[in-house]
Number of protein chains: 2
Amino acid sequence: MVHPKSRGAARRAMRRGPTIDDVAELAGVSRGTVSRVLNGGHYVSAASLEAVQQAMEQTGYTVNQSARSLVTKQSNAIGFVLSEPQERLFEDPNFSVLLRSCTQALAEQDINLVLMLETSDEERNRILRYVRGEHVDGVLLISTHSGDPLITELARAGVPAVVCGRPLVPGDVLPYVAADDREGARQMTRYLVEQGHQRVGMISAPQIAGGQERLQGYQDVLGRKALKRLVVSVDDYSHEAGVRAMHELLAKSPDLDAVFAASDLLASGALVELRRAGRRVPDDVAVGGFDDSRIARESDPPLTTIRQPLELVARDMVDVLLRQIRGEEAATRILPTELVIRESA
Amino acid sequence: MVHPKSRGAARRAMRRGPTIDDVAELAGVSRGTVSRVLNGGHYVSAASLEAVQQAMEQTGYTVNQSARSLVTKQSNAIGFVLSEPQERLFEDPNFSVLLRSCTQALAEQDINLVLMLETSDEERNRILRYVRGEHVDGVLLISTHSGDPLITELARAGVPAVVCGRPLVPGDVLPYVAADDREGARQMTRYLVEQGHQRVGMISAPQIAGGQERLQGYQDVLGRKALKRLVVSVDDYSHEAGVRAMHELLAKSPDLDAVFAASDLLASGALVELRRAGRRVPDDVAVGGFDDSRIARESDPPLTTIRQPLELVARDMVDVLLRQIRGEEAATRILPTELVIRESA
DNA sequence: TTGAAAGCGCTAACAG
DNA sequence: CTGTTAGCGCTTTCAA
């Protein structure tokens with residue numbers, strides 16, 4: 001019986017796979033030729049190519065990415081960095097969609113995604129060290145709160161990066177991909193008004209990515225000044241904040257007949273509070289959300305909301321990042337939103 | 001003006017950081033000594049250690065993981081594989097918690113998490129190739145549906161791996177970490193009975209991880225035979241399935257006064273359907289969920305549910321996997337659940 | 001079109 | 001305790 005301590009090491013040693021040399025030998029060519037077929041097959045005769053491919057098949061060869069990276073300085077991986085000081089973002093249903101879509105888009109190009117959480121200053125430094133150490137070729141950054149130092153640090157380090165949503169730091173230091181938050185907010189506000197609602201309130205979260213724009217869109221339609229009493233601001237896009245904000249709004253403007261919440265999560269909280277207050281939705285108070293996330297479908301009643309094309313945002317982020325890595329032009333992109341009418345308004 | 005194509009390459013070349021030799025030179029020691037401090041600092045004099053650390057600081061040195069991996073055969077990364085043929089799992093709030101907690105637990109050990117989605121047979125093969133190619137040292141597997149081929153393939157390949165939840169394949173081919181689903185279901189069922197409910201129905205999902213056990217727990221308390229009319233089975237843990245199942249259950253057993261749903265998502269669907277049917281919760285029908293996920297707090301009314309210690313599950317998965325990688329004993333672990341009483345029952 | 005050879009940056013013996 | 005050295009598996013000149 002083998003000592004347990006040694007089992008892993010033993011198996012690991014056994015498991016060492018075929019190298020480029022094994023393939024070369026079997027194919028009867030040099031190591032250089034095998035490398036050439038690995039990298040596009042240019043300047044290789046048909047015969048050699050055939051022989052090498054067969055040999056690779058036979059041996060079950062896989063490139064050793066470490067060896068390759070050591071010389072090419074490319075890791076074939078990108079970092080997906082999530083900045084979530086309040087541990088909140090991870091619960092956002094939008095985030096899941098984004099992460100899944102990015103992973104998929106990258107997998108199609110055979111690129112791997114390594115997930116990193118910026119939960120503290122310490123972690124941020126770990127991430128920066130890691131990224132600067134060329135462990136990843138670039139970074140997809142999901143940053144929601146204003147003034148995230150990571151954005152400027154990444155930019156300063158010259159690391160290829162793209163942000164989701166307009167970065168909440170001064171200057172356009174990094175390219176970003178975002179939905180057209182402002183126009184989306186206009187769409188919703190206009191719709192609410194067109195439905196005949198006289199007093200349309202808003203639950204806004206100006207410090208969260210997109211929050212400014214959503215508030216501006218609302219103001220674009222309803223005017224900037226006269227609405228103080230109809231707007232309540234919260235700190236994040238959470239359900240709980242929605243509950244509290246709705247409570248406050250009802251207190252300030254008991255006569256309101258519609259409310260636009262800056263996210264579906266917020267809207268779902270508003271729904272709960274409205275029911276508790278004995279107001280029917282949409283008959284007494286209409287409710288509009290933003291995001292068209294899963295909860296929009298699952299809340300009761302289902303939410304009328306603004307759809308953000310998140311799958312597209314993800315694909316575009318990946319596209320912009322890869323271009324940037326290749327040294328091509330990488331411009332910010334703004335994607336159109338769409339009104340989705342359900343039962344809440 | 002530089003041609004755009006070359007910009008990336010140029011910057012990349014510039015960015016090449018300090019190597020172990022630079023540090024060695026600056027510290028006035030050999031490359032071997034630097035390597036030693038990098039790997040635990042054993043057999044190094046206090047003076048050398050000090051000098052090296054200072055030199056590392058000064059140069060801003062970071063190890064080149066590729067070079068290291070090339071010789072150690074360890075990638076310092078683990079794969080987090082999510083098998084989700086129906087794209088459903090990613091929307092499960094439990095999954096987010098699991099992913100976040102695993103990422104954090106690994107980050108604490110300075111290990112990176114690479115995320116992989118098994119969305120198709122093709123993707124599964126890509127994952128297997130990748131894993132066999134030693135790109136990761138081990139795999140954390142989240143597999144919910146029965147008969148996932150990845151489980152057996154991973155086991156056959158001899159890759160260190162641990163599954164979340166009891167794997168739905170015959171034989172214990174891989175160690176796993178799970179909450180005590182069966183006992184949790186008993187806790188809930190008992191509670192419902194103790195509250196005086198006479199006809200306790202169940203919405204079960206026997207094909208999903210933990211689903212069998214949750215049904216068994218219910219049957220442990222209420223008896224196996226007599227309850228056919230009170231149990232409805234669904235295909236997954238989704239909200240929509242909950243709506244449909246509740247509808248069906250109400251049709252089959254209009255007199256039921258409580259229902260235990262095998263997940264919070266399912267329970268939230270049941271809540272919607274009950275309201276539509278004009279039944280008050282908990283007065284007419286009490287509802288119990290399972291998971292204590294975010295929705296349990298956010299649904300209306302908040303759900304009485306069974307808490308799964310997911311953060312703990314995640315930490316234990318990481319622990320079991322790392323042990324396995326080190327060649328130590330790696331045993332399956334079952335974690336206790338807890339009844340959380342809110343307003344729905 | 002191909003082979004030979006020189007590293008990439010690091011770890012792990014091995015002598016000292 | 002420390003320096004020296006031999007690779008790890010691959011890409012990439014450079015000649016041929």
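Throughout, protein chains are lettered first and strands after them, A, B, ... in sequence-line order, and every chain is numbered starting at 1.
- The side chain of A:Thr72 places no N or O atom within less than 4.0 Å of a non-bridging phosphate oxygen (OP1 or OP2) of D:dC10.
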Open item on the list: The test is side chain to side chain contact (heavy atoms under 4.5 Å, CB included); show your working for B:Val177 and B:Val162 and say whether it passes.
Closed with: CA-CA 7 Å; B:Val177 177; B:Val162 39; 4.1 Å; yes

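- Rounded to whole Å, atom P of C:dC14 lies 15 Å from atom OH of B:Tyr43.
- Atom CZ in A:Arg36 sits roughly 11 Å away from atom P in D:dT12 (whole-Å rounding).
- A residue-by-residue look at A:Ser45 and A:Arg31 shows that A:Ser45 has its nearest nucleotide of DNA chain C further toward the 5' end.
- Residue order along DNA chain D, read from the 5' end via each residue's closest nucleotide, puts B:Ser30 first among B:Ser30 and B:Ala67.
- B:Ile20 places its CD1 atom 14 Å from the P atom of D:dT4, with the value rounded to the nearest Å.
- Contact check for A:Met116 versus A:Tyr130: side-chain heavy atoms found under the 4.5 Å cut-off.
- For the pair B:Asn39 CG and C:dA12 C1', the computed distance is 10 Å after rounding to whole Å.
- Along DNA chain D, the nucleotide closest to B:Ala47 and the one closest to A:Asp21 are compared, and the more 5′ of them pairs with B:Ala47.
- A salt bridge links A:Arg323 to A:Asp319: one of the charged nitrogens lies within less than 4.0 Å of a carboxylate oxygen.
- Taking atom CD of B:Glu134 as the reference point, atom C1' of D:dC8 lies 12 Å away to the nearest angstrom.
- When heavy atoms are screened at a 4.0 angstrom cut-off, A:Ser35 is found touching base atoms of the nucleic acid.
- The pair B:Glu108-A:Arg126 fails the salt-bridge criterion, with no side-chain N (NZ, NE, NH1 or NH2) lying under 4.0 Å from an Asp/Glu carboxylate O.
- The only member of B:Val81, B:Val136, B:Val139 that meets side-chain contact (heavy atoms from CB on, under 4.5 Å) when paired with B:Val114 is B:Val136.
- Side chain of B:Leu70, nearest nucleotide from D:dT12, C:dC10, C:dG9: C:dG9.
- B:Ser69 comes within 4.0 angstrom of nothing in the nucleic acid, heavy atoms only.
- Atom CD in B:Glu25 sits roughly 15 Å away from atom C1' in D:dG3 (whole-Å rounding).
- Between D:dG3 and B:Thr33, a contact under 4.0 Å exists linking OP1 or OP2 to a side-chain N or O.
- Here A:Thr19 does not reach the OP1 or OP2 of D:dG9: none of its side-chain N or O atoms lies under 4.0 Å away.
- One interatomic measurement links the two molecules: NZ of A:Lys73 to C1' of C:dG9, which rounds to 7 Å at whole-angstrom precision.
- Here the C1' atom of nucleotide C:dC10 and the CG atom of B:Asn76 are 14 Å apart, to the nearest Å.
- In this model, the phosphate group of C:dG9 is not approached by any side-chain N or O of B:Ser66 to a distance below 4.0 Å at OP1 or OP2.
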